[in-house]
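These numbers come from the heavy atoms of this one structure, side chains and all, not from hydrogens, waters or symmetry mates.
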Amino acid sequence: MASVTYDHVVKRYTSDVTVVKDFNVEIADKEFMVLVGPSGCGKSTALRMLAGLETISEGKIRIGDRVVNDIAAKDRDIAMVFQSYALYPHMSVYDNMAFPLQMKRMPKAEIDKRVNNASRILGLDNFLKRKPRALSGGQRQRVALGRAIVRDPQVFLLDEPLSNLDAKLRGQTRIELQKLHHDLETTFIYVTHDQVEAMTMGDRIAIMNAGILQQVGTPDDIYDHPANLFVAGFIGTPTMNFVPVTMSDGSAKASGFDVKLPQHVPSEKGTLGFRPEAVTDRPSEFATLEMNVEVVERLGSDQFLYGSVGGDQVTARVDPRMKVAPGDQVRLGLDSRGLHLFDAQSESAFF
């Protein structure tokens with residue numbers, strides 16, 4: 001097992017095209033780290049540089065204490081699971097899983113031991129003689145994981161492995177991967193654009209945008225203390241509410257309400273952020289929002305109201321028993337503990 005370190009890593013294709021910029025992350029041994037961000041942000045490129053599938057323009061990557069910049073991919077002692085599974089269609093499940101060990105000319109008894117152990121962990125014992133075409137998408141994903149497990153690598157790399165699965169199967173496989181990480185006690189580095197996967201699976205999350213690392217932290221840290229406007233808007237479903245405000249006399253004044261700030265900020269213009277759950281279904285002493293309701297979403301255990309407050313669009317999560325319909329005007333409150341304030345120019349968080 002091993003830690004992984006990105007030390008000022010840069011990936012540049014041309015003088016004008018830099019897809020990863022000064023990337024610095026330390027991933028602890030046995031940690032489950034998730035790289036998350038929108039498509040094209042550089043997260044898969046960062047993973048492929050670690051795997052040895054992309055060259056590094058600047059900086060160093062270490063696996064344990066070993067700098068791997070110039071080490072061939074096959075000698076890095078990592079295993080990668082791709083979005084497409086990359087199974088051999090003419091081979092059985094057993095042979096797909098055994099293939100990397102056969103290439104190393106490992107003794108057949110050892111191959112049998114490793115494949116059978118992986119198939120037991122992944123629940124594939126009854127499918128070892130089948131071809132990939134006879135498997136479901138989730139089963140193929142488990143075969144791809146099994147092929148990685150048999151290699152007993154220092155680090156597992158997973159590049160959007162659940163994106164081809166339907167919603168129900170993605171949820172089930174997320175749980176299986178977390179159990180697998182716990183059982184194997186190996187370093188996992190997982191790339192996704194899905195913030196739900198990031199929040200539910202990672203010990204820590206590294207958020208990227210336009211090739212730049214935005215923030216690294218635990219899911220709770222990222223959710224409760226976003227470093228900037230991008231992170232605040234990217235993490236959370238529905239997304240955080242953002243309202244332009246003017247600061248004066250210790251208050252932030254929006255077009256439809258005022259809130260007292262918990263601390264002084266050295267700016268006159270900013271963006272006030274608050275998540276839908278920070279909006280209460282009753283007025284509060286802290287702030288009152290008069291919402292013109294435009295859309296109501298009832299999801300059983302939750303109810304979301306979408307509407308305008310003084311011309312600003314706001315989403316509120318309220319008690320599902322609250323009786324409300326589009327066109328209604330409702331009076332809502334705001335929980336002072338759920339506020340975030342961002343600088344209008346730098347977009348960095350004041351709090």
Side-chain angles (χ1 to χ4, degrees), residues 195-196 198-200 205 207 215 217-326 328-344 347-351:
Q195 55 99 9
V196 173
M199 291 292 288
T200 56
I205 304 170
I207 300 178
Q215 187 173 356
T218 66
D220 287 344
D221 287 340
I222 297 290
Y223 191 82
D224 294 332
H225 306 288
N228 55 43
L229 202 64
F230 173 80
V231 173
F234 188 78
I235 296 295
T237 303
T239 188
M240 183 182 287
N241 295 297
F242 295 116
V243 176
V245 292
T246 301
M247 273 76 75
S248 64
D249 301 325
S251 295
K253 301 181 183 298
S255 61
F257 61 95
D258 296 354
V259 295
K260 185 174 178 58
L261 298 177
Q263 64 188 60
H264 173 74
V265 294
S267 181
E268 294 183 357
K269 300 287 186 181
T271 300
L272 186 70
F274 51 95
R275 298 199 182 276
E277 60 265 29
V279 184
T280 65
D281 53 13
R282 61 184 63 86
S284 71
E285 295 179 359
F286 180 68
T288 298
L289 312 183
E290 299 283 352
M291 174 188 274
N292 294 309
V293 179
E294 298 166 357
V295 175
V296 178
E297 283 188 345
R298 294 182 177 87
L299 303 175
S301 60
D302 287 315
Q303 181 171 217
F304 293 99
L305 308 183
Y306 301 85
S308 60
V309 177
D312 296 312
Q313 291 298 303
V314 170
T315 303
R317 189 176 79 180
V318 299
D319 191 313
R321 295 167 294 184
M322 181 181 179
K323 301 300 183 182
V324 60
D328 289 350
Q329 186 174 66
V330 295
R331 179 171 289 184
L332 304 171
L334 192 58
D335 188 338
S336 62
R337 295 168 297 180
L339 288 185
H340 304 270
L341 187 65
F342 305 92
D343 183 71
E347 299 187 349
S348 296
F350 289 120
F351 56 81

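In this structure, the side chain of Asp328 engages the main chain of Ala325 through a donor-acceptor pair within 3.5 Å. No side-chain donor-acceptor contact under 3.5 Å links Ser308 to the backbone of Gly311. Distance alone, capped at 3.5 Å, is enough to place a donor-acceptor pair between the Asn241 side chain and the Thr315 backbone. No donor-acceptor pair closer than 3.5 Å links the side chain of Glu297 to the backbone N or O of Gln303.
Side-chain contact check for Asn228 versus Gln215: every heavy-atom pair is 4.5 Å or farther apart. Contact of the Thr288 side chain with the Phe257 side chain is not registered, since no non-hydrogen atoms from C-beta on lie closer than 4.5 Å.
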Practice task
Give the intermediate values and the outcome of side chain to side chain contact (heavy atoms under 4.5 Å, CB included) for residues Val243 and Phe274.
Solution key: CA-CA 9 Å; Val243 176; Phe274 51 95; 4.0 Å; yes
Practice task
Run the numbers on Thr271 and Leu229 for side chain to side chain contact (heavy atoms under 4.5 Å, CB included), then give the verdict.
Solution key: CA-CA 8 Å; Thr271 300; Leu229 202 64; 4.0 Å; yes
Exercise for the section: Verify side chain to side chain contact (heavy atoms under 4.5 Å, CB included) between Glu347 and Phe342, making sure each step is shown before the conclusion. Expected result: CA-CA 5 Å; Glu347 299 187 349; Phe342 305 92; 5.5 Å; no
Exercise for the section: Take Leu334 and Val259, measure what side chain to side chain contact (heavy atoms under 4.5 Å, CB included) needs, and give me the verdict at the end. Expected result: CA-CA 9 Å; Leu334 192 58; Val259 295; 3.8 Å; yes
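Using a 3.5 Å distance cut-off with no hydrogens or angles, the side chains of Gln313 and Tyr306 do not pair a donor with an acceptor. Counting only N and O atoms by type, the side chains of Glu268 and Ser248 include no donor and acceptor under 3.5 Å apart. Using a 3.5 Å distance cut-off with no hydrogens or angles, the side chains of Ser348 and Asp343 do not pair a donor with an acceptor.
Residue Asp312 comes nearest to Ala254 through the heavy atom pair OD2-CB, 4.5 Å, listed as atom of the first residue, atom of the second, then distance. Scanning both residues, Leu289 and Gly333, for their nearest heavy atoms gives CD1-O, 4.5 Å. Between Ala349 and Pro226, the closest heavy-atom pair is CB-O, 3.4 Å. Across every non-hydrogen atom of Val314 and Met291, the tightest pair is O-CE, 3.4 Å.
Annotation for Arg298: atom CZ counts as buried by contact number, over 12 foreign heavy atoms lying within 6.0 Å.
Classified by interplanar angle (parallel below 30°, tilted 30° to 60°, perpendicular above 60°), the ring pair Phe234/Phe230 is parallel.
Cation-pi check for Arg337 over Phe286 is not met; the charged atom does not lie both under 6.0 angstrom from the ring centroid and within 45 degrees of its normal.
Partners of Lys260 by side chain to side chain donor-acceptor pair (under 3.5 Å), not counting sequence neighbours: none found.
Annotation: the span from Gln329 atom CD to Glu290 atom CD amounts to 5.0 Å, rounded to 0.5 Å.
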